[in-house]
Q: 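To start, I am sharing the structure in question, which I have written as C-alpha cells.
Counting starts at 1 for both ligands and their atoms, in listed order. Both backbone and side-chain heavy atoms feed into the values below; hydrogens, waters and symmetry mates do not.
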Amino acid sequence: MSGQDLLAKLPPWPVMDFSEFGEVESKPLTRMQQLVGGFLGRNWVAIPHVTHHDEADVTLLEQRRATHNVANPDRKLTPPVLLAKALVAGLQQFPQFNASLDDTGKGLVFKKYFHIGFAVDTPGGLLVPVIRDCDKKPATAIAAELAALATKAREKGLSMPEMSGGCITITSLGHIGGTAFTPIINAPELAILGVTRAIERPVKGEGGAIDWRLMLPLSLSYDHRVINGADAARFTRFIADQLAGEAIFT
Ligand code: CAO
C-alpha cells in the first residue's frame with residue numbers, strides 16, 4: 001500500500017461536542033497560527049524526520065560569554081547567536097546540510113551562502129526570521145540583528161522576505177528548560193537544530209576525578225531522504241566542538 005493510499009484509508013478525525021463532558025470556551029486560532037500550522041503539518045507528514053541528540057560542553061563558552069557581556073554591556077551575546085556561528089562552520093564543513101531538494105525531488109541544490117533562521121516565539125504564533133550572510137558578520141552584529149527582528153516579529157510581524165532564504169534554523173528553548181525535543185524541519189531546509197537548557201553535571205575528569213561541566217543539549221532533526229544518521233552524528237559533534245572553541249566569538 002502506498003503512503004497516499006494509507007493516508008486516504010485513515011479513519012476520519014473525531015468530531016466531538018466537548019460541552020457534553022463539561023464547561024468549554026471556543027476561540028479561533030489566529031491567522032498566523034492557521035498559516036504556520038499548515039506549513040508545520042505539511043513538513044511533519046512529508047519529510048521523514050529523524051532527530052539526533054548530543055550534548056556540547058559549554059563550560060568555557062559560557063565563561064567567555066559572561067566575560068564578553070560584562071566588558072561589552074551594549075553588545076551582549078546570547079547562546080542562540082553563538083550557535084549560529086557554530087552552525088555556519090558546520091555548513092561549511094558539511095555542504096550536504098547547506099542544500100535543498102530541487103523541484104523534481106531528484107536533485108540537490110547546494111547553497112554557497114550562509115543564512116540562518118531563528119524560531120521566535122510571538123504572542124500570535126511562531127515566526128522564523130532569517131539573518132543573511134552570517135559567515136560575514138561578527139557575532140555581535142548577528143546579536144543586534146536578531147534582537148531587532150525578534151522585537152519586530154513580536155510587535156508588528158515580519159515580511160516574507162525577512163523570513164525567506166534560510167539554510168538551516170535554530171530553535172532555542174534553553175531560556176525556559178527542557179532536556180531534548182523533536183523540532184520540525186522548516187522546508188525546504190534539510191535540518192533544524194533544537195537547543196534546550198544547559199545543565200551542570202558531573203563528568204569523569206583526568207585520573208578519574210569528578211569534574212562539574214556545563215552541558216548543552218542539542219537536538220538535530222534532519223531529512224533522512226538526504227542526510228544519513230552517521231552524517232548527522234558527525235555534524236552535531238562538529239557543532240559541539242565549535243562551541244568549545246574561540247572562533248565563534250569573532
Ligand atoms: N541554557 C541555559 N540558559 C540559556 C540557554 C540555554 N540553552 N539559552 C539561553 N539561555 C539564557 C541566556 O543565558 C540568556 O540569559 P543572559 O542574558 O543572562 O545571558 C537568556 O536565557 C535569554 O536567552 P535567549 O535564548 O532568549 O536569547 P535571545 O534573546 O538571543 O533569543 C530568541 C532570541 C528569538 C531565540 C528567543 O527570544 C525566542 O523567541 N526563543 C523561543 C524560540 C521557540 O519558541 N522555539 C520553539 C519553536 S517550536 O514551537
Side-chain angles (χ1 to χ4, degrees), residues 29-30 32-33 35-41 43-44 49 51 53-87 116-131 134 137-158 162-163 166 168-187 189 191-201 213-221 236 239-240 243-244 248-249:
L29 292 176
T30 64
M32 196 202 298
Q33 280 175 314
L35 192 70
V36 173
F39 292 138
L40 288 170
N43 296 347
W44 183 249
H49 282 70
T51 306
H53 301 284
D54 202 341
E55 53 183 11
D57 184 337
V58 292
T59 314
L60 290 175
L61 180 86
E62 280 300 286
Q63 286 167 7
R64 290 183 192 131
R65 192 173 71 84
T67 305
H68 169 95
N69 286 351
V70 169
N72 302 276
D74 300 332
R75 295 187 305 137
K76 281 192 175 177
L77 295 173
T78 54
V81 170
L82 296 171
L83 279 159
K85 292 305 280 185
L87 274 182
I116 307 288
F118 293 83
V120 175
D121 185 28
T122 81
L126 183 68
L127 289 180
V128 184
V130 173
I131 298 189
C134 287
K137 293 176 181 166
T140 47
I142 297 172
E145 217 174 310
L146 176 59
L149 281 168
T151 303
K152 188 170 177 225
R154 288 180 181 127
E155 291 174 359
K156 298 188 206 151
L158 297 170
E162 287 170 317
M163 295 188 284
I168 192 166
T169 296
I170 295 172
T171 173
S172 172
L173 296 173
H175 59 302
I176 302 171
T179 54
F181 67 116
T182 308
I184 298 179
I185 296 165
N186 190 17
E189 297 166 18
I192 179 168
L193 182 66
V195 192
T196 47
R197 181 183 290 258
I199 52 155
E200 267 196 311
R201 62 176 184 76
R213 309 295 297 176
L214 187 63
M215 305 303 287
L216 178 71
L218 304 174
S219 301
L220 181 86
S221 290
T236 316
I239 299 300
L243 293 171
I248 50 174
F249 273 89

Q: Roughly how far, to the nearest 0.5 Å, is the CG atom of Leu87 from the CG atom of Leu82?
A: 11.5 Å

Q: Once side chain to side chain donor-acceptor pair (under 3.5 Å) is applied, do any residues pair with His53, and if so which ones, sequence neighbours excluded?
A: Ser219

Q: Hey, could you give me the CD1/CD1 distance between Ile192 and Ile185, rounded to the nearest 0.5 Å?
A: 8.0 Å

Q: Using a 3.5 Å distance criterion without hydrogens, assess whether the side chain of Asn69 forms a donor-acceptor pair with backbone atoms of Leu77.
A: yes

Q: Can you produce the list of protein nitrogen or oxygen atoms under 3.5 Å from a nitrogen or oxygen of ligand 1, alongside each distance?
A:
from, atom 1, to, atom 2, distance (Å)
ligand 1, 1 (N), Ala198, N, 2.9
ligand 1, 7 (N), Thr196, O, 2.9
ligand 1, 13 (O), Arg65, NH2, 2.8
ligand 1, 19 (O), Arg65, NH1, 2.9
ligand 1, 19 (O), Arg65, NH2, 3.1
ligand 1, 30 (O), Thr78, OG1, 2.5
ligand 1, 37 (O), Arg154, NH2, 2.9
ligand 1, 39 (O), Asp121, N, 3.1
ligand 1, 39 (O), Arg154, NH2, 2.8
ligand 1, 40 (N), Ser172, O, 3.4
ligand 1, 45 (N), Thr171, OG1, 2.8

Q: Can you tell me which residue pairs pass the salt bridge (Lys or Arg N to Asp or Glu O under 4.0 Å) test with a partner in residues 56-74, sequence neighbours excluded?
A: Asp57-Arg213, Glu62-Arg65, Arg64-Glu246

Q: Who passes side chain to side chain donor-acceptor pair (under 3.5 Å) against Thr171, sequence neighbours left out?
A: none

